[in-house]
2 protein chains.
Amino acid sequence: MTTPASTTRRGRPPKGAAQLTRAGIVEATLEVIGTEGVGGVGVRAVARVLGVDPKSLYNHVDGKDGLLDAVTEHFLGSIALPPPAGDLRGDLRAIADAFRDRALLHPEAAALVLTRQLASFEGLAPIQRVLEVLRAADCDPREAVHLMRTLLAALIGTLLREVNAGPTYGTDDTEGIAERQATLEHSGLPAVAEAAPYLARFDSRAEYEYAMNLALDAAVARIENSSRISR
Amino acid sequence: MTTPASTTRRGRPPKGAAQLTRAGIVEATLEVIGTEGVGGVGVRAVARVLGVDPKSLYNHVDGKDGLLDAVTEHFLGSIALPPPAGDLRGDLRAIADAFRDRALLHPEAAALVLTRQLASFEGLAPIQRVLEVLRAADCDPREAVHLMRTLLAALIGTLLREVNAGPTYGTDDTEGIAERQATLEHSGLPAVAEAAPYLARFDSRAEYEYAMNLALDAAVARIENSSRISR
DNA sequence: ACCTGAACACCGTTCAAGT
DNA sequence: ACCTGAACACCGTTCAAGT
């Protein structure tokens, strides 16, 4: 009974002597997400990687939903926001890049976080940053909120596809590309068939570049327009 | 035994004499989503609303995942795409509107569909439409694919927030707005505090308008630029 | 072609009792 | 303040047997 290693577990041995902490629980949850996917997260699964009784988790986290809340919180808090440099476009871009960096670090978790409402309190720091940058460019607060929401939506939509596409949909999977291209060419949809070579490929980095450039172009243009009018 | 109504069920009585069909299963799944949310979907739950043995579903659908696949398929197939009228901006907008209409009809289901990869075969029709419209405006296929992906990402990001925000976050909930505004004002983040009145409010329709106008402005500008260059 | 007992290996969560 | 037996009400899924 002194050795608790008899329960069915694969992977690493019970965590370093087992003092249960919220941070440790988050880490364990991320491990589950990484191996079993978001769908595999659960009180029992997380307890298993911690080598601990499932019910013990209830002393630190509010059940299964609390587990998900905790990783969302952690994700949002871990975004490394760069200080604004005074250049509208560059500053917005840097915030988006910081967001993306974290999303790519934990792709499975990112999809979850992006979907859960970002209004959680931990999510306020990025919002403060974006508004700050927009205000510095003479955008009035009302428009700034609209713009921020629109930029965030574009970013999330882009990242969501990026993390969902995963490595399967990469550029180097030549036989997969060929197969998809063939399917699209025989779809009976002319515009789809015509664009098949491009539709069959997906370069995450390039798509991100394109999408962000378009979104930032639009944002910058709108701000320059409205401040010219008000002068 | 001739009357099967003895099992624990709330809501409506067993479906009209119970011939199990894929369409009926989809309908029942949508009902579950509507009442219990996406998380409530499961073989047993859907069987319950159909007044049927859970295992029977396996003859028509591939388990729980099959249930979700089926509603995704249904959702995508139910989008009422309007025929292109020849106006780039208007045509793109009409496609986005058709998408939104379906999303708002089943908000809970929409979040699911938007998250699952849209590359499923049923999703090809909207893609064909968008590419067709872009091609008609002299956009070369390579750029058309990029633009389509970017527009789709923006649309999904926008709809995702819209369906997640739900009615709770509406314009008419005056005391809720006041409370959120107060919280934001005391957040200690200056730009957030300054924009609090706008951040506390969320008018779905207006946000959608703003986001789509910005995205379409950007798309139209880019196409006009590149075709001017190639002339 | 479809339905369904029996059965298996799982879930999340509560509560009262322990230390 | 934290842990944990016992227990409850659930899950998804397989398979072999029925019609």
Note: A:E73-A:R22 ion pair, threshold 4.0 Å (strictly below): yes
Regarding B:R100 and B:E162, does a basic nitrogen lie under 4.0 Å from an acidic carboxylate oxygen? yes
Say we look at D:dC8 and C:dC10: how far apart would their C1' atoms be, to the nearest angstrom? 15 Å
Could you tell me the separation between the CG atom of B:L50 and the C1' atom of C:dT4, rounded to a whole number of Å? 16 Å
Pair up each side-chain donor or acceptor in residues 101-110 of chain A with any protein partner under 3.5 Å, not counting sequence neighbours, and list the distances.
from	atom 1	to	atom 2	distance (Å)
A:R102	NE	A:S78	OG	3.0
A:R102	NH2	A:S78	OG	3.4

Report the distance from atom CG of B:D53 to atom C1' of D:dT14, rounded to the nearest whole Å. 13 Å
Under 4.0 Å between a Lys/Arg side-chain N and an Asp/Glu carboxylate O for A:R48 and A:E36? no
Within 45° of the six-membered ring axis of B:Y210 and under 6.0 Å from that ring's centre, is NZ or CZ of A:R149 located there? no
What pairs with B:R44 under salt bridge (charged side-chain N to carboxylate O under 4.0 Å, His left out), at least two apart in sequence or on another chain? none
With salt bridge (Lys or Arg N to Asp or Glu O under 4.0 Å) as the rule and sequence neighbours excluded, what pairs involving residues 49-62 of chain A come up? A:D53-A:K55
Excluding sequence neighbours, so at least two apart, what forms salt bridge (charged side-chain N to carboxylate O under 4.0 Å, His left out) with A:E185? none
Could you check how far CZ of B:R44 sits from C1' of C:dC10, rounded to whole Å? 11 Å
Stems in DNA chain D, runs of 3 or more consecutive Watson-Crick or G-U wobble pairs with both distances under 3.5 Å, sorted by first number, are C:4-8 with D:12-16, C:12-16 with D:4-8
Give me the distance, rounded to whole Å, that separates C:dA9 from D:dA9 when you measure between the P atoms they each carry. 22 Å
Selection: residues 55-67 of chain A, any non-hydrogen atom under 4.0 Å of DNA chain C: A:K55, A:Y58, A:G63, A:K64
